[in-house]
Amino acid sequence: MGDAVGERLTREFFARSVHEVAPELIGVALLVDGVGGTIVEVETYDQDDPASHGFGGPTPRTASMFGPPGHAYVYRSYGIHWCLNLVCAAEGRAEAALVRALEPTHGLATMRSRRGLEAPRALCSGPGKLCQALGVTRVQDGLPLDEPPFELLARETEPTLAVGTRVGITRAVEKPWRYGLAGSPFLSRRF
DNA sequence: CAGTGGATGCTCT
DNA sequence: GAGCATCCACTGT
């Protein structure tokens, strides 16, 4: 895995339920200004989910989560890290896939310099880590995913998925809305 | 390994 | 003023 060189995903790809889109994101290449890799772990959050930022309606922070699909929703986590979501469903519906881990394939040297010297498997093995490695901040919040600096390339083979419960939340803990590439050493945690 | 706690900033009550 | 969709360094086996 790790060498997906398929066609570019357009924003129409995301205009469906996040629960349908998210499993299909595993194996997709995600690049920001040419730096990134293969998505190996995502989580889904929808509007009826108490763990989701979209629960209870829009706020200034979550505006892009309620915006049109195929765009980025970037937020700050624990005051330190940034986290990247890919907005799905229809405008006004607040569904998004949190990108939790990548297998680094492009721009390794850039990622290492941004993160400090690290083993490849530690560069993007977590939502905060991968945003640091790819240079994602508030600047990318609300930007379309089918235009620079973003580039998403479709996978060419269907991966074997692992499914589990989400990480780091306190509400709706039981929902099996975490998807990963089975057996990948680049996950944030084992399933 | 597993477990704990500190750093840090912003949103919402 | 609390509570985070986290990460890292540190402790103790």
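Sequence lines set the chain letters: A, B, ... in the order given, protein chains first and strands last, and positions in each chain run from 1.
- Within 4.0 Å of A:Arg115, counting heavy atoms only, lie sugar-phosphate atoms of the nucleic acid but no base atom.
- Considering only side-chain N and O atoms, A:His81 lies nowhere under 4.0 angstrom from the phosphate OP1 or OP2 of C:dC7.
- Ring orientation note: the planes of A:Trp177 and A:His19 are tilted relative to one another, at an angle of 30° to 60°.
- Between A:Arg100 and the phosphate of C:dT6, there is a side-chain N or O to OP1/OP2 separation shorter than 4.0 Å.
- Other residues, nucleotides and ligands contribute only 12 or fewer heavy atoms inside 6.0 Å of the CZ atom of A:Arg121.
- Shown here, C:dA2 forms a base pair with B:dT11; the pair counts as Watson-Crick or G-U wobble because both key distances fall under 3.5 Å.
- Ring-base stacking between A:Tyr45 and C:dA5 is satisfied, the centre separation being under 5.5 Å and the plane angle under 30°.
- Residue-level contact check: A:Ile169 touches the backbone only, with heavy atoms under 4.0 Å from sugar-phosphate atoms and none from bases.
- Looking at the side chain of A:Arg76, the nearest of the listed nucleotides C:dA5, C:dC7, B:dC10 is B:dC10.
- Phosphate contact (OP1/OP2 of C:dC4, side-chain N/O of A:Thr170, threshold under 4.0 Å): present.
- If you find the closest nucleotide of DNA chain C to A:Arg171 and to A:Lys129, the one lying nearer the 5' end belongs to A:Arg171.
- Contact check, A:Arg189 against C:dA5: no side-chain N or O comes under 4.0 Å of OP1 or OP2.
- Looking at heavy-atom distances under 4.0 Å, A:Thr62 makes no contact with the nucleic acid at all.
- Salt-bridge annotation for A:Arg11 and A:Glu147: present, with a side-chain N of the basic residue lying under 4.0 Å from a carboxylate O of the acidic one.
- Among the atoms of the strands shown, only primed sugar atoms or phosphate atoms (P, OP1, OP2) are found under 4.0 Å from some heavy atom of A:Arg138.
- If you check C:dC7, C:dA5, B:dT8 against the side chain of A:Ile80, the one that comes closest is B:dT8.
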